[in-house]
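Here the structure comes first, spelled out in structure tokens, and everything after it is commentary.
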Protein chains: 2
Amino acid sequence: MAANILIVDDEQAIADLVEVYLKNENFHVFKFYNGQDALNCIDKEKLDLAILDVMLPDVDGFSICQKIRDKHNFPVIMLTAREEEIDKITGLTLGADDYITKPFRPLELIARVKAQLRRFTKYNSVKPNREEHLIAFSGLVLDLDSHECTLNEKKLSLTPTEFSILWVLCKNRGRVVSSEELFHEVWGDKYFTNNNNTVMVHIRHLREKMHDSAEHPKYIRTVWGVGYKIEK
Amino acid sequence: MAANILIVDDEQAIADLVEVYLKNENFHVFKFYNGQDALNCIDKEKLDLAILDVMLPDVDGFSICQKIRDKHNFPVIMLTAREEEIDKITGLTLGADDYITKPFRPLELIARVKAQLRRFTKYNSVKPNREEHLIAFSGLVLDLDSHECTLNEKKLSLTPTEFSILWVLCKNRGRVVSSEELFHEVWGDKYFTNNNNTVMVHIRHLREKMHDSAEHPKYIRTVWGVGYKIEK
DNA sequence: GAGAGCCTTAAGATTTTCTTAATAACCAAT
DNA sequence: ATTGGTTATTAAGAAAATCTTAAGGCTCTC
């Protein structure tokens, strides 16, 4: 589908991260670190969705949102820091279609972006197809909509982290994903730690729920010294 | 049905919001921020309904309403701010088919629009179909007309907020709806506070009335870390 | 202006999920 | 076989999200 997505955040690190997540999903990204540049972009490009930080140094998210509503009307997702004081953001989020508080997980962002794109499908240039939010192969089904995972017709009850790990592994099936990459893709910018085995523990839980084992892997295979992978 | 709806309000944010709500319901929207542009539109387009702010800077809602009555005769819904002084709006709302005071809930607006369209069905081009104001599946029936909810033939007495939440969940059944999105869809233009559990409390009340429980959900399922959903 | 119904807020309890840490098992190279 | 580094397992405490309850405030009606 290759939707065009506008992302605006004066925290460069955040904007860059979001860009990476979106590009991983084959979206085309227009990224700006201030409101003014974003405003210019809105009229020039054919956009399908915008992700806006509410608190920008020049033009705030609300004003950008209004401009979008005024002329173009594609979905808007607002970003707010969890600690941001209520009286500061009051009104600024008005008119958005969804809100996400930082920090967020990559998959959460992706899921909401796709949900909005689907909702607006009739008004924009994007024709989302079911595969975009569904991964299905060899008995395994992951549905981003319902957040459900099915293995050979049987429903697995996964936690958000487990779901996210499995999603990343499945998206990259056939390729080994290092534990660092996995960590980055699942936890995002939360923090950086190299000496933790938290990924391992979640892999273990996943395997348990999938009736899989490290020794005789049916799904998640350990590649020594490299990472984990799921066969194509 | 795809009715053509005219919306006029000099408060851009309001007009934009209304536009979003209506487009979500597949209506075709003509939006203007002043009276004059709206007047021009009335003769040019084949309209089915108008939503007018009474207090406009140039041509007031009343005059627009008269023009509609004069030549075209399709339903008119007037918008008034709750605080607007009685003597200022007296007379201005005369002749309208319905009135809505701001702030309003998305679902309230939609319900009234649909009601008017149905009432005028013989005079306009629109063929409303029953599904537009009725959701029914697996023992659950929601009627936007009567604002009634029936569960396995038994009537539930829901408050407006509860009805609205259930409506949104049912409309999106099969998909997880985050509490942010739920808040936006139900409360409309209110700002979002991220430490508020008001959605949760209403979910709790809903479950109680539906003889449902968080622990063994029959209808409203909690998806930890993501939101709520009703199975397809 | 009194009462009823409804909505919101707050606080504490509960449940679920995540991380840590300690130990065991494993692999590959020597 | 031994060794060093990597992965697996387990359990327990920490953290986070949700649930529940109740009180106070608001709005509408009579």
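As the structure is a prediction and not an experimental result, all values here were calculated from the model. The sequence lines fix the lettering, A, B, ..., with proteins before strands; numbering per chain opens at 1.
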Find the distance [X]:[atom1] to [N]:[atom2] and express it as a whole number of Å.
X	N	atom1	atom2	result
B/Met200	D/dA17	CE	P	10 Å
A/Leu182	C/dT19	CG	P	12 Å
B/Ile203	C/dC6	CD1	P	18 Å
B/His202	C/dC6	NE2	P	11 Å
A/Asn197	C/dT23	CG	P	14 Å
A/Phe183	C/dT20	CZ	C1'	13 Å
A/Ile220	D/dT7	CD1	P	15 Å
A/His147	C/dT17	NE2	C1'	14 Å

Suppose we call two aromatic rings close when their centres sit under 6.0 Å apart. Are A/His133 and A/Trp167 close by that rule?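 Between A/His133 and A/Trp167, the centre distance exceeds or equals 6.0 Å.
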On DNA chain D, compare the nucleotides closest to A/Val201 and A/Trp224; which residue's is nearer the 5' end? A/Trp224
Mapping A/Gly227 and A/Arg204 to their closest nucleotides on DNA chain D, which lands nearer the 5' end? A/Gly227
Using modelled atom types and a 3.5 Å cut-off, is there a donor and acceptor pairing between side-chain atoms of A/Lys218 and backbone atoms of A/Ser213? no
When you check the phosphate oxygens OP1 and OP2 of [N], does a side-chain N or O of [X] lie under 4.0 Å from one of them?
X	N	value
B/Arg207	D/dC19	yes
B/Thr161	C/dC7	yes
A/Trp187	C/dT19	yes
B/Tyr228	D/dC19	yes

Categorize [X] for me: base, sugar-phosphate, or nothing, with a 4.0 angstrom heavy-atom threshold over every strand shown.
X	value
A/Phe163	nothing
B/Thr222	sugar-phosphate
A/Thr159	sugar-phosphate

Relative to the 5' end of DNA chain C, which residue comes earlier, B/Glu215 or B/Arg105, by the nucleotide with the nearest heavy atom?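 Looking at DNA chain C, the more 5' nearest nucleotide goes with B/Arg105.
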What I want to find out is whether A/Arg112 reaches A/Asp98 closely enough, with some N-O distance under 4.0 Å, to be called a salt bridge. yes
Whether A/Lys114 and A/Asp145 form a salt bridge (side-chain N of Lys/Arg under 4.0 Å from carboxylate O of Asp/Glu) is what I want to check.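 Between A/Lys114 and A/Asp145 there is no salt bridge, as every charged N stays at least 4.0 Å from the carboxylate O atoms.
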Are B/Arg207 and B/Tyr219 in a cation-pi setup, meaning NZ or CZ lies under 6.0 angstrom from the ring centre and within 45 degrees of the ring axis? no
